[in-house]
Amino acid sequence: MNHMNPKITINLDKLTHNAAQMVKLCQSAGVKVSAVTKGFCAKPQAAAAILNGGVTSLADSRIENLRKFQPLAAEKILLRIPMVSQAEQVVWFSDISMNSQWETIQALNEAAKHKGVNHGVILMTDLGDLREGIFSETEFYELAKKASRLSNVEVKGIGTNLTCFGAIIPDEKNLGQLVTMADETANILGKPLEYISGGNSSSIYLLQEGKLPKGINHLRIGEGILLGTESAYGAKIPDMHYDVFQLVAEVVEVERKPSMPIGTIGKDAFGNIPIFEDKGMRTRAIAAVGKQDFATHNIKPLAKGVEIVGASSDHLLLDITESDIKYKVGDELTFSLGYGAMLALNTSNYVSTQYLGHGK
Ligand SMILES: *Cc1c(COP(=O)(O)O)cnc(C)c1O
């Protein structure tokens with residue numbers, strides 16, 4: 001099949017390389033990596049490329065995504081606090097889920113009993129970012145105690161999530177607190193915890209600086225592997241590929257147009273009142289991709305002299321006046337992607353996927 005435009009290209013060889021690099025970085029600190037796959041909508045070919053890099057555990061926020069990994073020999077972790085209404089699917093398609101609610105853990109226990117399996121849970125504590133997790137330390141220990149008495153649920157660890165809602169950066173203080181709570185939980189349960197899960201790609205900088213508190217033995221890494229960047233400060237991780245995922249869109253119109261719209265300005269397609277700068281006549285191109293595909297997230301043209309001037313649902317408007325290339329209808333333009341755009345594009349039904357390389 002030839003790949004229809006717009007398309008997202010996924011370089012599997014580069015993805016395998018990034019996964020291997022991340023495993024190496026984490027191994028040096030005794031940390032196990034779960035690769036987070038929601039950024040590419042859990043496409044199995046891409047997940048397989050990550051496993052070929054030496055990762056043994058895959059994690060996703062949606063059970064529908066983990067379901068696609070059934071044929072893959074890897075541990076599967078559900079990241080988002082499960083829905084009670086999905087308890088059955090959760091124990092079917094994941095080995096471990098991250099939890100904070102007693103009702104949900106009970107529902108998972110019932111579903112696991114029904115299926116005749118054991119389901120692992122990592123209990124989430126909120127250390128200040130204020131997304132998921134139990135806020136009160138006492139209530140955390142009470143939940144751990146109650147959960148440990150269930151027949152088909154096994155408390156496998158403690159975890160926290162940072163730099164998501166409150167943009168709180170992981171540091172020696174909050175992750176130190178996680179390790180202290182892990183010790184106390186292990187005391188209460190009378191057994192060591194398999195997972196002390198110290199966050200996402202925003203914890204990578206601590207690894208690099210050798211400051212990840214001793215005891216943290218697990219990280220859930222999406223961005224670091226997929227984009228090669230850490231997410232506390234947005235820095236590039238050395239020796240990674242930063243262009244595993246790219247968008248390719250096709251030019252459908254090239255016209256000379258004034259930079260100022262003509263007539264009375266009202267509201268644009270999204271209800272905003274636009275402001276324009278008069279730059280005279282410009283050469284404009286339209287590429288056939290839009291906010292329905294990448295939402296309001298950033299994408300960046302690779303070619304010099306190509307500038308995005310705006311987008312509506314299905315049209316990307318580009319100023320190509322400064323470009324040395326004479327673009328014509330049918331030409332393809334390539335864009336680099338941030339995390340949000342990568343996630344949205346991989347989820348769009350209108351964007352095809354082209355795999356490059358083999359990921360071995
Ligand atoms: C998405 C997610 C991650 C991965 O985040 P990255 O910044 O991409 O590494 C980790 N943990 C949880 C709970 C998540 O929802």
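Whatever order the structure lists ligands and atoms in, that order sets their numbers, starting from 1.
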Would K32 and Y195 count as a cation-pi pair here, with the cationic atom under 6.0 angstrom from the ring centre and within 45° of the axis?
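No, K32 and Y195 do not form such a contact.
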Distance to the ring centre below 6.0 angstrom and angle to the axis at most 45 degrees; does that hold for K76 and F93?
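Geometry flag: not set, cation outside 6.0 Å or 45°.
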Starting from [atom], find the nearest protein heavy-atom neighbour and note its residue, name and distance.
atom                    : value
atom 2 (C) of ligand 1  : K38 NZ, 2.4 Å
atom 11 (N) of ligand 1 : R220 NE, 2.9 Å
atom 9 (O) of ligand 1  : S201 OG, 2.5 Å
atom 8 (O) of ligand 1  : E223 N, 2.8 Å

Can you name the atoms of ligand 1, numbered from 1 with element, that are less than 4.0 Å from a heavy atom of [X]?
X    : result
N161 : 11 (N), 12 (C), 13 (C)
I221 : 9 (O)
L79  : 2 (C), 12 (C), 13 (C), 14 (C)

Run the numbers on N52 and T16 for side-chain hydrogen bond (donor to acceptor under 3.5 Å, both in side chains), then give the verdict.
CA-CA 6 Å; N52 285 336; T16 299; 5.2 Å; no
Under a 4.5 Å cut-off applied to non-hydrogen side-chain atoms, are K43 and Y355 in contact?
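K43 reaches Y355 side chain to side chain.
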Take N200 and E223, measure what side-chain hydrogen bond (donor to acceptor under 3.5 Å, both in side chains) needs, and give me the verdict at the end.
CA-CA 8 Å; N200 53 46; E223 178 169 336; over 6 Å; no
Mind checking whether Y233 and Y205 have parallel, tilted or perpendicular rings, split at 30° and 60°?
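Geometry flag for Y205 against Y233: perpendicular rings.
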Taking the minimum heavy-atom distance to atom 10 (C) of ligand 1, which of L227, N200, L226 ranks first?
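Looking at heavy atoms only, the winner is N200.
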If you measure every N/O of [X] against every N/O of ligand 1, is any gap under 3.5 Å?
X    : result
S61  : no
E132 : no
V36  : no

Would you call K191 and E154 a salt bridge, taking side-chain N to carboxylate O under 4.0 Å as the test?
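A salt bridge is present here (some side-chain N lies under 4.0 Å from a carboxylate O).
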Look at R282 together with E322 and state whether they make a salt bridge at an N to O cut-off of under 4.0 Å.
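Salt bridge between R282 and E322, a charged N being under 4.0 Å from a carboxylate O: yes.
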Any R131 heavy atom less than 4.0 Å to ligand 1:
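The answer is yes: ligand 1 sits under 4.0 Å from a heavy atom of R131.
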